[in-house]
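Read through the structure below, which is laid out as structure tokens, and then see the notes.
Note that the structure is a prediction, hence the values are computed from the model and not measured. Chain A is the first sequence line, chain B the second, and so forth, proteins listed ahead of strands; every chain is numbered from 1.
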2 protein chains.
Amino acid sequence: MASRAKATILDIAREAGVSKSTVSLVLQGSGLIRPETALKVRKAIEDVGYVYNRSAANLRKAHSNVIGMVINDLTNPFFAEMAVGMERVFQSAGIVPFIANTAENPVRQEEVLKSLMEQGVAGLIVSPARGTTPGAFRRIETAGLPIVFTMRRLPESRIPVIAPDNHRGAKLATAHLIGKGHRRLAFFGGSSDLVVYHERLGGFREACEALGIASRDTLVVEGETSRRGGIACLETALAMAEPPTAALCFNDAVAFGVMLALRKRGLEPGADFAVVGFDDVVEAQHYMPALTSVAVDSAGLGERAAHVMLKMIQSRTTRAEDHIGAVNLVVRDSCGPDRRAGMGDAA
Amino acid sequence: MASRAKATILDIAREAGVSKSTVSLVLQGSGLIRPETALKVRKAIEDVGYVYNRSAANLRKAHSNVIGMVINDLTNPFFAEMAVGMERVFQSAGIVPFIANTAENPVRQEEVLKSLMEQGVAGLIVSPARGTTPGAFRRIETAGLPIVFTMRRLPESRIPVIAPDNHRGAKLATAHLIGKGHRRLAFFGGSSDLVVYHERLGGFREACEALGIASRDTLVVEGETSRRGGIACLETALAMAEPPTAALCFNDAVAFGVMLALRKRGLEPGADFAVVGFDDVVEAQHYMPALTSVAVDSAGLGERAAHVMLKMIQSRTTRAEDHIGAVNLVVRDSCGPDRRAGMGDAA
DNA sequence: TTGATTTATTGGAACGTTCCATTTATAGGC
DNA sequence: GCCTATAAATGGAACGTTCCAATAAATCAA
């Protein structure tokens, strides 16, 4: 055990009675080597317990076969689903994605990006942490390293983005709520330092306006994008003089929180208060009641991001088109009609 | 932009008018350098847009500051929670963990491990994929690379394991069920190629035996460790002549599936059929009804695994003690008394 | 046979760091 | 002023690959 000084290609060469260059060629699967020689070498590789040293190789070769995937919140199942989509396409391209979590912390993100770059990754797929400064990716851009954003974009950045059509999704969901008869609507969760927030809120507002809901009848409550945030939003909203009867939530986690808080107050989500989520994570359909949500096809976005990255690497460019993924509203059981319309409120 | 030929410490040296050795020293934060010189160098580093090349450094230095974390199912929130725990301790040690997903695929696992090793990681924390062959980690062991398993162990391996006390957890949960008056019990989900499965099932059996449940009154249904698996298990069980009235599930995902399937049949989880989960993921407390589950402290296990790894790296050993984490049963609302047994207890 | 071609193999010079052994500059003691 | 001790900076040899240019061996055309 504690095997002394790890084996190098020179050890293999000695063992197999060939030159180091031959070994190198075999390792790269070159067709130039006579099959019997290759076999001999491969045997020697086994015998000495050799581990390829990519650091050494990277010193000469331009780039590695690893790409970094930087995610802002690993505990959000949404990102796990996206990661799985990416992995599917990278795997078939012989690329190994390494995932790193920033936990929404820009400082941590800085460290992670630095580490990934030092490691010599071939490209970066990033879902930026909240509060990322515009200059945070300058380094990477000047290094000419391919990078694509997923889900979130930065205010004024030329980096390509793969994201769902947030604006349309929010419009769809809001129209659904209004169609159910709701007249006092809320938008729950998220915060204005996120571009996505503005997109979704924009869709919400546009639908309200188009369908004749006065802006004084809309309520916007910022908050954490988590269950806890949802709970807080609902509390705030119900404390108002004329509380809303329905809410579009920034994402499913917030929606789950809202439903939880409703239950705690003895209100039935869906019947007493309508709620729509965003993202349509797998749990959405298993909740009680099942959550109506805007499906964004997370795995599909992941695949798309991976494809774009692959293309950028191959064509050694750092430019690419944005990609706005289609969305659709999945109607389940969390939005009944407005009950109070007509008869004051019961709560 | 597109700055060709990336800058090296030689470029910095030229820019700052010092030698490459000096630059290297500054990079490592050596106290040997005069502060003004260091400042000058640091400025030059900024100016040329330098990116540290860890590959080159690794060629001389023994090991890097990255450790690999290989996970068998990223979409299981349990692992995300564990990952977060690990990250907490690694971060403060200046180590960046790279996460890779194997999706329960031993072949993929092989690739991932290879890639991580080539990358020159300082250590590996692995939750092995189902169906991993005993020899899969031979390579890593002979290379003298520190490795620890989490959650799962391999049949006959000397690699240290960080895992919860599965046996005790299952016993606790089963005793709880029996205490509620249930006499026909099931164990749902998991499969016998997992050591964990035998541990949990063993605890279940031991409790049954100790508390006077005949083994013909117990039912064991293997199945996927997912919601889907849970649904299937329940269907199978209810199709029996004398179906069980309560089940211990292999993990929370299975339990969620069971509850879902119960609802679909018009049965109320908790009242009509008792179910207890394993792992106590965050969703457990938010479910309807809230799920009684064996809490294993996932984040704590992650932290512990990280600490063990850190110690192994520092003491450059490849040995470490196993660590069996404490468990406790969190009683919520998913297990009522057995209704069919006359009247059982009043709780 | 001889030279030309093709097929296999090989030595050596990079790649960008680290680190040891030196050198050079600075300060102190007398 | 000289010698010594300390502080600061430096050159050069690794580290384990890749890749080019060169060589050696085998094949072929004449």
Side-chain angles (χ1 to χ4, degrees), chain A residues 3-42 44-45 48-66 114-115 117-122 143, chain B residues 3-42 44-45 48-66 114-115 117-122 143:
Chain A
S3 76
R4 54 297 87 192
K6 38 190 56 168
T8 77
I9 65 172
L10 282 136
D11 298 313
I12 299 171
R14 195 175 328 107
E15 181 81 10
V18 297
S19 79
K20 65 178 178 17
S21 301
T22 305
V23 177
S24 175
L25 258 359
V26 171
L27 283 172
Q28 292 169 80
S30 161
L32 287 179
I33 305 294
R34 199 152 42 105
E36 309 121 67
T37 312
L39 216 65
K40 202 168 53 178
V41 171
R42 261 187 276 271
I45 289 177
V48 303
Y50 170 73
V51 176
Y52 183 72
N53 184 334
R54 195 165 293 275
S55 285
N58 283 171
L59 215 45
R60 294 248 13 179
K61 281 207 297 206
H63 266 317
S64 60
N65 69 153
V66 355
K114 182 153 165 278
S115 189
M117 286 192 73
E118 291 179 1
Q119 219 59 227
V121 297
Chain B
S3 74
R4 280 326 57 184
K6 34 191 58 167
T8 77
I9 60 172
L10 282 138
D11 298 312
I12 299 171
R14 195 174 327 109
E15 181 82 10
V18 297
S19 79
K20 67 182 177 17
S21 302
T22 305
V23 177
S24 176
L25 259 358
V26 171
L27 248 18
Q28 292 170 81
S30 161
L32 287 179
I33 305 294
R34 200 150 42 107
E36 310 120 68
T37 312
L39 217 65
K40 201 169 53 179
V41 171
R42 262 187 277 272
I45 289 176
V48 302
Y50 170 74
V51 176
Y52 183 72
N53 183 334
R54 194 164 293 275
S55 285
N58 282 170
L59 216 44
R60 294 249 10 175
K61 282 207 297 206
H63 267 317
S64 60
N65 70 153
V66 355
K114 181 152 166 278
S115 188
M117 286 193 75
E118 290 180 1
Q119 219 58 228
V121 297

| Given Asn53(B), Val23(B), Val26(B), the one that forms side-chain contact (heavy atoms from CB on, under 4.5 Å) with Ile9(B) | Val23(B)

| request: Check the distance between dA8(D)'s C1' and Gln28(B)'s CD and give it to me in whole angstrom. | output: 16 Å

| task | In whole angstrom, give the distance that lies between atom CD of Glu118(A) and atom C1' of dT17(C). | result | 12 Å

| Rounded distance [0.5 Å steps], CG in Leu59(A) versus CG in Asn58(B) | 10.5 Å

| query | CG of Leu39(A) versus P of dA8(C): gap in Å, rounded? | reply | 15 Å

| How far does CG of Leu32(B) sit from OG1 of Thr37(B), to the nearest 0.5 angstrom? | 11.5 Å

| note | Whether each nucleotide of nucleotides 9-16 of chain D has a protein heavy atom under 4.0 Å at its base (B), only at its sugar-phosphate (S) or at neither (-) is summarised, 5' to 3', as SBBBBBBB

| query | Tell me, do Val66(B) and Gln119(A) make a side-chain contact under 4.5 Å, heavy atoms counted? | reply | yes

| Would you find a donor on one side and an acceptor on the other, under 3.5 Å apart, between the side chain of Asp11(B) and the backbone of Thr8(B)? | yes

| Polar side chain donor-acceptor pair, Ser21(B) to Ser24(B), under 3.5 angstrom | no

| Within less than 4.0 Å of OP1 or OP2 of dT18(D), is there a side-chain N or O belonging to Ser24(A)? | yes

| query | What are the two closest heavy atoms between Ala57(A) and Tyr52(A), and how far apart are they? | reply | CB-OH, 3.2 Å

| task | Can you pull out how bent the helix from dT1(C)-dA30(D) to dC30(C)-dG1(D) is, comparing the axes over its first five and last five pairs, to 10°? | result | 50°

| said: More than 12 heavy atoms of other residues, nucleotides or ligands under 6.0 Å from NZ of Lys114(B): yes or no? | reply: no

| query | Expressed in angstrom and rounded to an integer, what is the separation of Ile12(A) atom CD1 from dT10(C) atom C1'? | reply | 16 Å

